Amino acid sequence: MECRPACAACCIAPSISSPIPGMEGGKPAGVRCVQLDEADRCRLFGDPRRPAVCGSLAPSPQMCGTHREAAMRWLGDLERLTAPA
């Protein structure tokens with residue numbers, strides 16, 4: 001499955017605890033990654049500085065759903081379910 005154009009749900013909904021260039025402390029859930037460009041594409045795609053967790057998120061029908069809002073909801077639910085107590 002290919003990423004949906006202009007979605008970027010996986011770059012907004014989840015938290016990222018590892019450093020990202022421009023976000024050295026990581027990224028909180030629900031915050032847009034600074035590495036997203038104007039077309040909602042990752043500027044670090046293929047770059048070794050890209051966090052490993054970003055590369056591990058592969059698009060799937062379950063995660064992406066049929067539209068961006070479904071992906072945001074699914075990833076947000078996953079974030080809440082896996083957040084430390």
Side-chain angles (χ1 to χ4, degrees):
M1 180 172 177
E2 299 273 329
C3 285
R4 181 180 296 112
C7 177
C10 60
C11 302
I12 299 168
S15 62
I16 299 174
S17 58
S18 54
I20 303 166
M23 298 180 105
E24 282 68 28
K27 184 192 87 55
V31 173
R32 181 181 173 85
C33 179
V34 299
Q35 293 301 329
L36 282 173
D37 68 13
E38 301 76 31
D40 286 332
R41 296 191 179 267
C42 178
R43 291 183 182 101
L44 296 177
F45 194 84
D47 186 313
R49 298 174 300 157
R50 185 177 181 216
V53 68
C54 298
S56 72
L57 275 174
S60 69
Q62 181 182 16
M63 179 174 76
C64 301
T66 57
H67 47 69
R68 180 179 189 263
E69 291 73 24
M72 290 290 289
R73 188 171 41 256
W74 192 88
L75 287 162
D77 289 346
L78 184 64
E79 179 70 29
R80 284 185 290 285
L81 290 170
T82 60

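What you see is a predicted model, and the numbers here were worked out from it, not measured in a lab. Heavy-atom basis, side chains included; hydrogens, waters and symmetry copies ignored.
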Next item on the list: Going by the side chain to side chain contact (heavy atoms under 4.5 Å, CB included) test, name the single residue among C33, P28, C54, C10 that passes it with I16.
Entry: C54

Note to self: If hydrophobic clusters are built from ILVMFWY residues whose side chains come within less than 4.5 Å, do V53 and I12 share one?
What the structure shows: no

Next item on the list: State whether the number of non-hydrogen atoms from other residues, nucleotides or ligands found under 6.0 Å of R50 atom CZ is greater than 12.
Entry: yes

State, to 0.1 Å, how close [X] and [Y] come at their nearest heavy-atom pair, and which atoms those are.
{"X": "R68", "Y": "C7", "result": "NE-O, 2.5 Å"}
{"X": "A6", "Y": "D40", "result": "O-OD2, 3.5 Å"}
{"X": "C64", "Y": "A70", "result": "O-CB, 4.2 Å"}
{"X": "L75", "Y": "A13", "result": "CB-CB, 3.6 Å"}
{"X": "R32", "Y": "K27", "result": "C-CD, 4.2 Å"}
{"X": "L57", "Y": "M63", "result": "CD2-SD, 3.9 Å"}

Has [X] got a side-chain atom pairing as donor or acceptor with [Y]'s backbone, closer than 3.5 angstrom?
{"X": "Q35", "Y": "P21", "value": "yes"}
{"X": "R49", "Y": "P19", "value": "no"}
{"X": "R4", "Y": "G65", "value": "yes"}

Checklist line | D37: partners by side chain to side chain donor-acceptor pair (under 3.5 Å), with sequence neighbours left out | finding: none

Checklist line | Euclidean distance, L36 CG relative to R43 CZ, rounded to 0.5 Å | finding: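 It comes to 7.5 Å.
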
Check: Can you tell me how far CG of L44 sits from SG of C11, rounded to the nearest 0.5 angstrom?
Finding: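 One finds 9.5 Å between SG of C11 and CG of L44.
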
Notebook entry, point to check: Does some side-chain heavy atom of P14 sit less than 4.5 Å from a side-chain heavy atom of L78?
Noted result: no

Next item on the list: Using a 4.5 Å cut-off on heavy atoms from C-beta on, say whether the side chain of D77 contacts that of R73.
Entry: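 SC-SC contact between R73 and D77 confirmed.
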
